[in-house]
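Below is one structure; the comments refer to it alone.
For this chain, numbers begin at 1 and follow the sequence in order.
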Amino acid sequence: MSADRFPAPRPGDASHLDVDALGVVVRINLSGLPPVDRDVIAEAWSGAGRHETLAPVATVSPRSHFHFEETVADLSTQVTLAALSARRGDLWMVHAGAVADEAGRVILFSGRSGMGKTTLMTRLARDYAYVTDESVGVAADGSVLPYRKPLSVIDDANRAKRQASPRGLGLRDLPDAPLRLHAVVVLDRDERHVAARLDALDIAEAVRAIAPQCSYLAELDEPLGTMIGHIERTGGALRLLYREAEDAAALVPGLFDLVRPPRPTASPARPGPLLSPGPSGYRRTAVADAVTLDGGLLALLRRGADDETTIHLLDGIGPVLWHAAAGVRFEELMATAVRAHGEPTSGSARDAVDAALRALRTAGILRGPED
């Protein structure tokens, strides 16, 4: 392993510290801090090399109302948010940990808070390169941008959290090889998992689990298609069920050895143009992306305020109704559903379509005559 591919960050004129985060430089303003505090922050960020030729995309500053350890943690949050904002629309960014082998193959471990990402990365990065414990950035070609931020660990002496540098924890540096996405793993940590194991996820399960962990997903061109494409190129997502990091570590060598061919499981959903609705017309609402998955499932991504996105997975007659709802009347939608699926085995087609339309309207996916 090499030292970092970029020079280690240093204060320069001691008034600031420039760090690399997802391929951009974020400046930490150190002015006003005593030398001892500047040294602590510089040490915490010593694993995050910086591009010599890049100008900072943002500057973050300590907030004086925090205790010092909270200040260091808050700076990490500020750097993360600044880097994510700077790369919005450019990278597929996942709230995840990641490690890499000497060949540059990266395993991404996605998980919501509480799934043990930092603890697991601290354990795995003794054997493999530490890429991040916070956010993984993947470019269109599958290359991975590291974010070697400090790790939040509990000090055994007083049980307080501190921000520790990767090197201070004995974690390995980046390899000389370019980083590329090799595997996508969803973490499922639970005390009930007696033995660690890996299970394959179908694409619908993967979308449900990973999409909520993505940052600025809707900012990408074809966001669902981009996310699913990255997952497919690794051969599909896996779920890691485990209780302790040490149990999970035993499975990781096999993950690096695993070679799975790309698994196409999705195609863009291309609805027809919307018509001017009549007095009884139903029509689709705007979505950021729509993708048809294996088994006829339809995945829709709707964009809300403040980077809030919602994923809807439609099955049954839902996809047919969504595609057909171009400003048409109930009777036409019912006829389309019957042509595609036949008459229901119980109940009436009218009741089935009415119930489905009400559910789609409640979810905000369709508008009806009264909306």
Side-chain angles (χ1 to χ4, degrees), residues 95 110 112-113 186 201-220 222-228 231 265-371:
H95 182 48
S110 173
R112 64 185 187 278
S113 297
V186 174
L201 290 178
D202 66 36
I203 194 61
E205 292 174 312
V207 168
R208 285 191 184 98
I210 298 172
Q213 306 307 319
C214 296
S215 300
Y216 296 110
L217 180 61
E219 301 280 350
L220 293 169
E222 300 182 351
L224 282 176
T226 298
M227 176 180 67
I228 292 170
I231 294 170
T265 54
S267 58
R270 310 268 186 216
L274 290 174
L275 309 173
S276 297
S280 302
Y282 289 80
R283 61 189 293 133
R284 301 181 297 273
T285 58
V287 296
D289 201 6
V291 173
T292 300
L293 307 178
D294 277 354
L297 284 171
L298 178 65
L300 304 175
L301 185 146
R302 297 179 64 234
R303 180 178 181 177
D306 300 324
D307 189 35
E308 297 242 350
T309 57
T310 304
I311 302 291
H312 301 276
L313 293 171
L314 309 186
D315 58 7
I317 61 175
V320 169
L321 294 176
W322 183 81
H323 277 283
V328 300
R329 296 166 60 91
F330 178 90
E331 286 73 16
E332 185 172 343
L333 290 175
M334 184 173 66
T336 301
V338 170
R339 284 195 300 271
H341 291 274
E343 292 285 348
T345 55
S346 62
S348 69
R350 177 173 291 275
D351 289 343
V353 171
D354 180 65
L357 289 175
R358 281 189 280 110
L360 294 175
R361 290 168 65 188
T362 298
I365 298 169
L366 294 185
R367 290 196 179 97
E370 301 86 9
D371 299 331

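Nearest heavy atom pair, residue Ile311 against residue Ala211, reads CG1-CB, 3.5 Å. Between His323 and Arg284, the shortest heavy-atom distance links the atoms O-NH1, 2.9 Å. When all heavy atoms are compared, the tightest approach of Ala288 to Pro223 is O-CD, 3.9 Å. Taking all atoms of both residues into account, the shortest heavy-atom contact from Ile231 to Ala206 is CD1-CB, 4.4 Å. Closest approach of Gly225 and Val291 over heavy atoms only: N-CG2, 3.9 Å. Looking at every heavy atom in both residues, Ala299 comes nearest to Leu313 through CB-CD2, 3.5 Å.
Using a distance-only test at 3.5 Å, with no hydrogens or angles considered, no donor-acceptor pair links the side chain of Arg361 to the main chain of Asp371. Using modelled atom types, no side-chain atom of Gln213 and backbone atom of Ile210 make a donor-acceptor pair closer than 3.5 Å. No donor-acceptor pair under 3.5 Å is formed between the side chain of Asp289 and the backbone N or O of Leu301.
Under a cut-off of 6.0 angstrom, the local environment of CZ in Arg367 is sparse, with at most 12 non-hydrogen atoms contributed by other residues, nucleotides or ligands. The number of heavy atoms from other shown groups lying within 6.0 Å of CZ (Arg283) is above 12.
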Task: CA sep, side-chain torsions, deciding dist, call: Glu331, Arg350, side-chain contact (heavy atoms from CB on, under 4.5 Å) - done: CA-CA 9 Å; Glu331 286 73 16; Arg350 177 173 291 275; 4.1 Å; yes
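We find the CG-OG1 distance between Leu217 and Thr226 to be 8.0 Å, quoted to the nearest 0.5 Å. The distance from atom CE of Met227 to atom CD of Glu222, rounded to the nearest 0.5 Å, is 13.0 Å. One finds the CH2 atom of Trp322 at 8.5 Å from the CG atom of Leu314 (value rounded to the nearest 0.5 Å). Residue Leu360 holds its CG atom at 10.0 Å from CG of Leu333, rounded to the nearest 0.5 Å. Taking OG1 of Thr285 as the start and CG of Leu366 as the end, the distance is 6.5 Å to the nearest 0.5 Å. Interatomic distance, CG of Leu300 versus OG1 of Thr309, reported as 12.5 Å (0.5 Å rounding).
Taking the side chain as every heavy atom from C-beta outward, Leu293 and Ile228 approach each other to under 4.5 Å.
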